[in-house]
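One structure below.
Computation of the quantities below employed the complete heavy-atom set of this structure, encompassing side-chain atoms and omitting hydrogens, waters and symmetry-equivalent molecules. Naming convention: chains lettered A, B, ... in sequence-line order (proteins, then strands); numbering from 1 in each chain.
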Amino acid sequence: MNREKEGSFYGHGQRSRSRYYMLDIKYLRENPADVETRLASRAVSVDLRLFKSLDEKRRALLTEAESLKARKNAVSIEIGKLKKEGKDAGTIAVGLQEASDRIKSLDAEALTVQKALDDFLLYIPNLPHQSVPIGSDANANPVVRTWGEPKEFVYPPLEHTEIGERLGILDFERAGKLSGARFSLLKGAGALLERGLINFMLDLHTAKHGYTEVLPPFMVKSSAMVGTGQLPKFAEDLFKIEGWDHYLIPTAEVPVTNMHCDEILDEAALPLCYTAYTPCFRKEAGSYGKDVKGLIRNHQFNKVELVKFTTPETSYDELEKLLSNAEEVLRVLGLPYRVVSLCTGDMGFSAAKTYDIEVWLPGQGKYREISSCSNFEEFQARRANIRYRPKGGKPRFAHTLNGSGLACGRTLVAILENFQQEDGSVIVPEALRGYMGGLERIRRGA
RNA sequence: GGAGAGGUGGCCGAGCGGCUGAAGGCAGCUGCCUGCUAAGCAGUUGUAGGGGUAAAACUCUACCGGGGGUUCGAAUCCCCCCCUCUCCGCCA
């Protein structure tokens with residue numbers, strides 16, 4: 001078995017598919033100014049001159065090669081006919097070998113240009129939707145709504161690390177012995193709480209919100225990472241399996257979205273709604289010093305994800321629903337939160353529009369991200385070749401969306417901090433008690 | 001790890017050097033017919049990229065798992081790789 005072969009960034013699965021990018025190459029060709037200004041709002045500049053020269057070079061090479069091929073094909077058919085009639089074809093076959101050689105070199109050159117074009121285009125992020133606020137960083141993200149009242153504490157509320165360690169349910173010291181910084185180890189009621197949260201969230205999304213549960217692989221091929229946009233640009237954020245073309249998933253979005261790569265979906269089946277629990281693995285490169293302690297920013301954490309495949313017409317309605325489904329988790333648990341709309345400068349690479357849900361953390365005295373819900377429009381569908389067939393029509397790219405519903409570790413943090421009691425215990429939200437053997441309160445030694 | 005079988009269009013499934021983008025079937029679309037949620041008949045329907053057009057029409061190229069080779073010409077022959085299935089072994 002040869003697992004070591006590097007997957008091509010340009011081939012998905014077994015197919016070589018090199019002409020799907022962030023947007024229609026024709027659109028970029030015909031509306032460079034629009035692309036430029038919309039990307040500028042995300043503080044991304046593209047070298048359109050480079051694009052233009054590569055694009056033109058490629059087309060010139062194609063034209064020449066293809067006309068040679070056309071001539072060669074015509075002659076070949078003639079030869080076939082003559083041979084069938086028992087005649088000699090020697091005279092018209094003259095020079096064909098030379099033409100073939102010329103074609104070969106033109107094709108090779110075209111491929112080189114094509115790769116340069118791919119390299120250029122695969123690094124261009126999605127274009128923001130018109131409704132996305134313009135801004136350069138998180139400070140420009142408008143608050144869309146706020147839910148719940150942060151509880152007043154009569155004492156200075158503790159952070160989750162302290163609460164957890166005192167209760168003996170979080171053990172960062174031992175996690176460090178095993179795996180180093182940014183790993184965590186849950187014990188007793190802590191482990192049970194995490195497990196309960198996973199089950200609670202999955203049950204809510206399947207039974208109440210109608211999502212189909214998926215339990216996908218936690219490692220995927222590089223082509224899947226290209227499909228959702230993690231590669232090629234963000235390789236440094238991912239854990240790669242040595243000697244394999246596989247990566248540990250940074251989110252369930254990757255396997256679940258790529259589930260339908262190279263497929264043509266039935267329009268009547270849309271929207272497809274999936275929910276999946278997976279651990280997530282992230283290098284967190286460049287976040288040195290931030291949230292070093294605790295569960296907030298780990299190399300491995302659990303998350304329940306929501307993923308949708310929709311038509312272009314309905315994707316923004318579906319985004320609102322998905323967001324609301326994610327919020328519901330916090331509402332049922334009784335955790336105060338707010339929703340912000342990410343501005344152009346703060347959005348991820350693949351997203352056309354993103355809402356973040358931020359939960360209130362009394363220990364830190366601020367709202368912290370606990371979910372990110374995005375519409376990717378065609379961006380991922382183009383890369384992963386996910387289409388659907390409209391009634392009687394030609395296949396079109398589907399729209400993909402996803403959001404955390406929710407990050408389990410951070411939800412656990414929110415529960416510990418929001419429901420901590422002066423005596424050091426933590427009240428278990430009612431909705432979770434059924435998942436924890438009826439446990440109502442976590443006390444030391446539980 | 002060992003031994004076989006196989007990967008063809010939206011799906012099923014023929015083809016095994018030339019006029020095959022690919023028979024046949026299903027599904028879809030368009031007519032006709034039928035007074036009823038059906039059936040019949042006829043026609044039609046791949047994807048991508050060039051050129052062309054106001055848009056079409058039209059035209060060229062590529063694509064039968066991926067890559068390379070042989071040949072004037074390959075879905076068909078050769079080599080390498082990937083994947084799927086069956087049996088044996090091993091294992092959770």
Rounded to whole Å, the CD1-C1' distance (A/I77 to B/C60) equals 13 Å
Round to a whole Å and report the spacing from CG of A/D107 to C1' of B/A62. 9 Å
Whole angstrom value for the distance that separates P of B/G46 from CZ of A/R387: 14 Å
Nearest to the side chain of A/P395, which nucleotide is it out of B/U47, B/G50, B/U61? B/U47
Tell me: CG of A/L111 to C1' of B/G67, nearest whole Å? 12 Å
Taking the C1' atom in each of B/C60 and B/A5, what is the distance between them to the nearest angstrom? 40 Å
Should the pair A/R174-A/D171 be classified as a salt bridge under the 4.0 Å nitrogen-to-oxygen rule? yes
Looking across every strand, which nucleic acid part, if any, lies under 4.0 Å from A/R29 by heavy atom: base, sugar-phosphate, or nothing? sugar-phosphate
Provide the Watson-Crick or G-U wobble partner of B/G18, both distances under 3.5 Å; none if there is no partner. B/C72
Can you tell me, in whole Å, how much space there is between the C1' of B/U20 and that of B/C80? 28 Å
Salt bridge A/D107-A/K69, side-chain N to carboxylate O under 4.0 Å: yes
Mind checking who B/G10 pairs with, Watson-Crick or G-U wobble, both distances under 3.5 Å? B/C26
Does atom NZ of A/K283 have more than 12 heavy-atom neighbours from other groups under 6.0 Å away? yes
Nearest to the side chain of A/K69 - B/A62, B/G73, B/C60? B/A62
Mind checking the C1' distance from B/C64 to B/G46? Whole angstroms is fine. 12 Å
Taking a pair as Watson-Crick or G-U wobble with both distances under 3.5 Å, which nucleotide is matched to B/C87? B/G2
Phosphate-side-chain proximity, A/R59 and B/G51, N/O vs OP1/OP2 below 4.0 Å: yes
For A/E263 and B/G10, what is the distance between atoms CD and P respectively, to the nearest whole Å? 12 Å
Across all strands shown, which nucleotide pairs with B/U37 by Watson-Crick or G-U wobble geometry, both distances under 3.5 Å? none
Sugar-phosphate only, base, or nothing, as touched by A/N73 at under 4.0 Å among non-hydrogen atoms: sugar-phosphate
With the side chain defined as heavy atoms from C-beta on, A/K104 is closest, among B/G50, B/U70, B/G73, to B/U70
C1' spacing across the pair B/G68 / B/G4, given as an integer number of angstrom: 26 Å
Could you check which nucleotide pairs with B/A48 in any of the strands shown, counting Watson-Crick or G-U wobble with both distances under 3.5 Å? B/U61
Where each residue is assigned the nucleotide of RNA chain B containing its nearest heavy atom, which of A/D55 and A/A65 is assigned the position nearer the 5′ end? A/D55
Rounded to whole Å, CD1 of A/I103 lies from P of B/G69 at a distance of 14 Å
Please report the distance, rounded to the nearest Å, between NZ in A/K394 and P in B/C29. 17 Å
For A/T400 and A/Q380, indicate whether the former's side chain and the latter's backbone hold a donor-acceptor pair under 3.5 Å. no
For B/G28, does either OP1 or OP2 sit under 4.0 Å from a side-chain N or O belonging to A/R389? no
Touch check for A/K72, heavy atoms < 4.0 angstrom, all strands: base, sugar-phosphate only, or nothing? sugar-phosphate
Provide, to the nearest angstrom, the distance between the CG atom belonging to A/L82 and the C1' atom belonging to B/C19. 13 Å
In the strands shown, is B/A55 matched to any nucleotide by a Watson-Crick or G-U wobble pair with both distances under 3.5 Å, and which? none
Where the side chain of A/L62 is defined as all heavy atoms beyond and including C-beta, which of B/C60, B/G49, B/C72 is the nearest nucleotide? B/G49
Looking at B/G49, does its base get a donor-acceptor pair with the side chain of A/E66 below 3.5 Å? yes
Looking at A/L342, is its backbone amide N or carbonyl O close enough to the side chain of A/D346 to form a donor-acceptor pair, meaning the two atoms are under 3.5 Å apart? no
Please report the distance separating the C1' of B/C81 from the corresponding atom of B/G15, rounded so that it comes out in whole Å. 25 Å
How far does the C1' atom of B/C16 sit from the matching atom of B/A27, given to the nearest Å? 28 Å
With rounding to the closest Å, how many angstrom separate the C1' atoms on B/A22 and B/A14? 10 Å
B/C82 versus B/G67 - spacing of their C1' atoms, nearest Å: 10 Å
Hey, can you tell me if A/H205 and A/H209 have their rings parallel, tilted or perpendicular (30° and 60° cut-offs)? tilted
Is there a donor-acceptor contact under 3.5 Å linking the side chains of A/Y27 and A/D34? yes
